[in-house]
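To start, the structure under review is shown below, and the notes come after it.
In what follows, chains are A, B, ... by sequence order, proteins preceding strands, each numbered from 1.
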Amino acid sequence: AQKITQTQPGMFVQEKEAVTLDCTYDTSDQSYGLFWYKQPSSGEMIFLIYQGSYDEQNATEGRYSLNFQKARKSANLVISASQLGDSAMYFCAMRERPASGGSYIPTFGRGTSLIVHP
Amino acid sequence: DGGITQSPKYLFRKEGQNVTLSCEQNLNHDAMYWYRQDPGQGLRLIYYSQIVNDFQKGDIAEGYSVSREKKESFPLTVTSAQKNPTAFYLCASQSVGTAQETQYFGPGTRLLVL
């Protein structure tokens, strides 16, 4: 079973509009972290935002915010005031500690392609 | 400048040939990771290392090998046993600790089979 599910293969948004990219996750851990990354056509993975499982407030970083609903196991990314440069692939990722102990191991979703048009 | 470098940017492999992808970081991070990215499949973990001279298999380690002789370096060898190596390979590093630690990625290497 997938641990990270991104149900939207592609999304379109008009410039200056807000857009929400969906992410649901599956874990039995109490302590985990949720991340969003942006991957432009160049291929580089750019960290956008982080949400800890114990954080009570939704994370925000500039135009990015994370709508964290723990009971629903969802961690949607909201981009406000979209810009043409936001066109890229967006990946949701979860980091949880393996049952055997050790460091947190990340799992990535399949991504959502966002196209911002003028 | 601190960061992660990967080389080469593009790599061509002939049938039956082993090739090695370089990954170097100067962030003083303990953990390093190798991912493979295919279209529509996101990132899949190949190998990771949390400390020098130690590494663990990820989800798709077959046909790959790694070494971690230095903290700064984590090269990945794609062996001839890997039958479908054409993909985009990303290296990442992070400090070992809590879930909050962010992974930083290199620019990637595109491997193509001739």
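Considering only residues two or more places apart in sequence or on other chains, B/Arg68 meets the side-chain contact (heavy atoms from CB on, under 4.5 Å) condition with B/Gln25, B/Met32, B/Ser49, B/Lys71, B/Phe74. Partners of B/Glu72 by side-chain contact (heavy atoms from CB on, under 4.5 Å), not counting sequence neighbours, listed by chain and number: B/Glu24, B/Lys70.
Contacts of B/Tyr35 with chain A are made by side-chain atoms alone, with heavy-atom separations under 4.5 Å and no backbone atom involved. Of the two parts of B/Leu43, the backbone and the side chain both hold a non-hydrogen atom closer than 4.5 Å to a non-hydrogen atom of chain A. Of the two parts of B/Gln37, only the side chain, counted from C-beta on, holds a non-hydrogen atom closer than 4.5 Å to a non-hydrogen atom of chain A. Using a 4.5 Å cut-off between heavy atoms, A/Gln39 touches chain B through its side chain atoms alone.
Taking the charged nitrogens against the carboxylate oxygens, A/Lys3 and A/Glu96 do have a contact shorter than 4.0 Å, which makes a salt bridge.
The minimum heavy-atom distance between B/Asn18 and B/Thr77, with the atom names listed, is CB-CG2, 4.3 Å. A/Gln8 and A/Asp22 make their closest contact through OE1-N, 2.7 Å (heavy atoms, listed as atom of the first residue, atom of the second, distance).
Contacts from residues 106-118 of chain A to chain B, taken as heavy-atom pairs separated by less than 4.5 Å, involve A/Pro106, A/Phe108, A/Gly109, A/Arg110 in sequence order.
Listed by first and then second residue, the salt bridge (Lys or Arg N to Asp or Glu O under 4.0 Å) pairs that reach into residues 41-55 of chain B are B/Asp38-B/Arg44, sequence neighbours excluded.
When only modelled atom types and interatomic distance are considered, B/Tyr64 and B/Arg36 share a side-chain donor-acceptor pair under 3.5 Å.
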Trace of the ring pair (Phe, Tyr, Trp, His ring centres under 6.0 Å) decision for A/Tyr37 with A/Phe91
CA-CA 5 Å; A/Tyr37 287 87; A/Phe91 291 95; 8.5 Å; no
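Ranked by non-hydrogen atom pairs under 4.5 Å with chain A, the options B/Gly42, B/Gly58, B/Gly108 are led by B/Gly42.
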